[in-house]
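Everything below concerns the one structure shown next.
One-based numbering along the sequence shown.
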Amino acid sequence: MTGMTTLAKLALTGLFGTLAMSMSMCLPVVAAERNDIKSCYEFAKIDPLTATTVSSRHLFVAIDGTFSPDINIKKLVHEKVHLFLQPGDKITIISFSAYVKDFYTDVLFSGRLDTDIADRDDVSKKNLMTFDSCMNKQAQFVRSKIDAHIKHAFKPNDVDLPKTEILSNLSQVIAPQVAADTEGRRVLLLVSDMVENSDITSFYSKNALKVIAPEQEMQKIQNANMLSDFKQADIYVLGAGWVPATSKGFRGGQVMLPLKQFWQQYFESSHAELKGFGQPVLMTDM
């Protein structure tokens, strides 16, 4: 600015300041990724760039809060989740329900597990001891939180909920959560009897699961604009067609095959692949 008058300098400085402010106002606001798991790299004051790199995987566990299966089915949910999780994975637990008081859809837990340090020789012994202790505690913390939130998500046996809003929850809440993570493999474990009973459609007739016509049901879903977009996620269902021990109903192949066919069509139309359909036990690994 050599040779410029003081007035000109002030004017130019003011211009740069205005431009900088305008540019900052135009920049998008990026929300920080939710992480309910304390990072051991941060705790041990170790550069997170030294972590071992693994393929990105995100497990979403969506539990139908209108569903209360027996203890064996509930245990299986815990087992499937713990068997899947590995260092570096992300996990999100979602409880969805019927839009009634005290029973609503919510993200209960979400976070990423740390991986081990790629080259441990580059880290001081003191920091390594702190890190290793933290990693042991992190594993215990994640396991206890997962178990607590899964247990909490199921409907209490003494509560009667007349509606089961599976489709609207998939469309409006669960699919957007799954689609928002654009990195790596995304897996949805959907824990539900998969029997819709809402204003859109009902798979019941006279308090029993009816034989549905998949194509007709799909037309209702399309008319209600209830298809989803899972961005090519893998879907596993656990609990489909489950019948309470107190029920006199029996759900054989005549009703279960069309139920499975409907959900296959739904997920295919919603840009996802139904990889496993547990009736009610999920036999395949995720």
- Query: Run the salt bridge (charged side-chain N to carboxylate O under 4.0 Å, His left out) check on Asp132 and Arg120 step by step: do they pass?
  - Reply: CA-CA 11 Å; Asp132 290 341; Arg120 297 172 67 88; 2.6 Å; yes
Distance-only donor-acceptor pairs under 3.5 Å for side chains of residues 177-185, two or more places apart:
unit_1	atom_1	unit_2	atom_2	d
Asp181	OD1	Lys90	NZ	3.4
Asp181	OD1	Glu183	N	3.1
Asp181	OD2	His58	ND1	2.7
Asp181	OD2	Lys90	NZ	2.5
Arg185	NE	Asp234	OD2	2.9
Arg185	NH2	Asp234	OD2	3.2
Arg185	NH2	Tyr236	OH	3.4

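- Side-chain contact between Arg143 and His82 is present, with heavy atoms from C-beta onward closer than 4.5 Å.
- Among the candidates Ile150, Ile94, Leu190, the single residue satisfying the side chain to side chain contact (heavy atoms under 4.5 Å, CB included) test with Ile63 is Ile150.
- With hydrogens and angles ignored, the 3.5 Å screen pairs no side-chain donor or acceptor of Arg57 with any backbone N or O of Val187.
- Counting only heavy atoms from C-beta outward, the side chains of Phe277 and Leu238 never approach each other to under 4.5 Å.
- Thr201 and Glu196 share no side-chain donor-acceptor pair at under 3.5 Å.
- Tyr266 is listed as a side-chain neighbour of Leu227, based on a closest heavy-atom distance under 4.5 Å.
- A cation-pi arrangement is absent between Lys210 and Tyr204 under the rule of less than 6.0 angstrom and at most 45 degrees off the ring axis.
- Within a 6.0 Å sphere centred on NZ of Lys220, other residues, nucleotides and ligands contribute more than 12 heavy atoms.
- Of the possible polar contacts, none joining the Asp114 side chain to the Ser39 backbone as a donor-acceptor pair under 3.5 Å is found.
- Residues Val237 and Leu274 are in side-chain contact: their nearest non-hydrogen atoms beyond the backbone lie under 4.5 Å apart.
- Remark: Ser95 OG to Phe67 CZ distance equals 13.0 Å, nearest 0.5 Å.
- Judged by distance alone, the side chain of Asn169 and the main-chain N or O of Ile166 form no donor-acceptor pair under 3.5 Å.
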- Query: After noting the C-alpha distance and the side-chain angles of Asp36 and Arg34, does the key distance pass the salt bridge (charged side-chain N to carboxylate O under 4.0 Å, His left out) rule?
  - Reply: CA-CA 7 Å; Asp36 297 329; Arg34 174 174 170 177; 2.9 Å; yes
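- Counting heavy atoms from C-beta outward, Ile93 and Val107 have side chains that stay 4.5 Å or more apart.
- Taking the six-membered ring where the residue is Trp, the centroids of Phe109 and His149 are separated by under 6.0 Å.
- In this structure, the side chain of Ser270 does not engage the main chain of Ala272 through any donor-acceptor pair within 3.5 Å.
- When all heavy atoms of Met256 and Leu209 are compared, the closest pair comes out as SD-CD2, 4.4 Å.
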